[in-house]
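Below is one structure, written out as structure tokens, with a few remarks after it.
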Amino acid sequence: MLVMRGRKGLLRTDSIPEVGEDAAATVGMSETLSEEEQNELRKELAKVEEEIQTLSQVLAAKEKHLAEIKRKLGINSLQELKQNITKSWQDVTSTAAYKKTSETLSQAGQKASAAFSSVGSVITKKFEDVKNSSTFKSFEEKVETLKSKVGGSKPASGDFGEVLNSAANASATETIAEETQEETH
């Protein structure tokens, strides 16, 4: 293939082989064209180069006009970036892959929530089992006995937390009373 290069109006008729083309096959191509065909191709080349330059100028003018319109509308680069990101996000969220991934993650979240709920139920059941065990009941009775000995006539309320607190308070009160007696003797 014959490729002609122009340099600011001056034409050179260099042969440049294209990809996969044998350089030896292109050497004699300009010799097969008549002088008239070569002149016609040079005119066409000059015309295409001129059109390219004109289109480049038109594009530059359009870009300048676009920038002016954006400036008048108050659209800056940051706002454009925000709009582009919003548009891109909308494009992403409308894809089948995103919808499938979102659906899968939602299902996984539901399964995880159900699993945590069942684990919580199992733990609650185990605590109830421990509370109802004979060992715990024996311990609870011993604490209540201790409370009645230390605390006096206050009836046991049955709430384990209260029993422990009152036993601790009674023990602290008893310790303070003992220290006071020792100091006085």
Side-chain angles (χ1 to χ4, degrees), residues 1 16-21 51-52 55-185:
M1 162 139 227
I16 300 176
E18 291 188 358
V19 175
E21 199 172 50
E51 287 174 354
I52 289 171
L55 289 172
S56 294
Q57 291 170 350
V58 169
L59 179 61
K62 292 284 185 185
E63 288 174 341
K64 183 178 179 183
H65 184 64
L66 174 70
E68 182 65 25
I69 290 172
K70 286 181 178 180
R71 186 189 62 74
K72 287 180 180 178
L73 288 173
I75 298 173
N76 59 29
S77 298
L78 183 59
Q79 288 172 327
E80 274 189 88
L81 179 64
K82 286 179 185 177
Q83 289 172 351
N84 289 341
I85 290 172
T86 300
K87 174 78 169 94
S88 296
W89 180 248
Q90 289 172 347
D91 292 346
V92 166
T93 57
S94 67
T95 63
Y98 176 84
K99 289 177 182 176
K100 179 69 175 169
T101 302
S102 176
E103 183 179 306
T104 302
L105 290 175
S106 175
Q107 290 172 356
Q110 290 171 354
K111 288 178 181 178
S113 176
F116 287 132
S117 176
S118 68
V119 167
S121 298
V122 168
I123 290 172
T124 300
K125 172 115 175 66
K126 289 293 180 186
F127 278 135
E128 288 174 3
D129 291 347
V130 167
K131 187 175 179 183
N132 294 329
S133 72
S134 60
T135 305
F136 186 82
K137 294 224 181 260
S138 172
F139 176 72
E140 190 174 30
E141 287 173 8
K142 288 179 183 178
V143 169
E144 286 183 23
T145 303
L146 176 66
K147 180 185 173 202
S148 65
K149 288 181 180 178
V150 173
S153 62
K154 186 176 177 185
S157 65
D159 180 44
F160 184 67
E162 288 180 19
V163 170
L164 285 179
N165 284 335
S166 66
N169 288 337
S171 175
T173 305
E174 186 177 277
T175 304
I176 292 171
E178 289 174 357
E179 288 176 358
T180 308
Q181 285 179 352
E182 288 176 8
E183 290 176 3
T184 58
H185 287 316

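Predicted model, so just to flag it, every value in this text is computed and none were measured.
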Chi angles and distances behind the side chain to side chain contact (heavy atoms under 4.5 Å, CB included) call for T101, L105: CA-CA 6 Å; T101 302; L105 290 175; 4.1 Å; yes
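Counting only heavy atoms from C-beta outward, the side chains of E128 and T124 approach each other to under 4.5 Å.
Within the model, atoms OG of S77 and NZ of K82 stand 12.0 Å from one another, a figure rounded to the nearest 0.5 Å. Going from atom CD of Q57 over to atom CD1 of I52 covers 12.5 Å, rounded to the nearest 0.5 Å. The CG atom of L66 sits 13.0 Å away from the NZ atom of K64 when rounded to the nearest 0.5 Å. For the atom pair Q107 CD and S102 OG, the distance stands at 10.0 Å (nearest 0.5 Å). Between F136 atom CZ and E141 atom CD the span is 11.0 Å, to the nearest 0.5 Å. Remark: E80 CD to N76 CG distance equals 8.0 Å, nearest 0.5 Å.
S88 contributes a side-chain N or O that, together with a main-chain N or O of N84, makes up a donor-acceptor pair within less than 3.5 Å. Using a distance-only test at 3.5 Å, with no hydrogens or angles considered, no donor-acceptor pair links the side chain of S113 to the main chain of Q110. Side-chain atoms of S121 come within 3.5 Å of backbone atoms of S117 as a donor-acceptor pair (strictly under, hydrogens ignored).
With sequence neighbours excluded, the residues satisfying side-chain contact (heavy atoms from CB on, under 4.5 Å) with L73 are I69, I75.
Between K137 and E140 there is no salt bridge, since no side-chain nitrogen of the basic residue lies less than 4.0 Å from a carboxylate oxygen of the acidic one.
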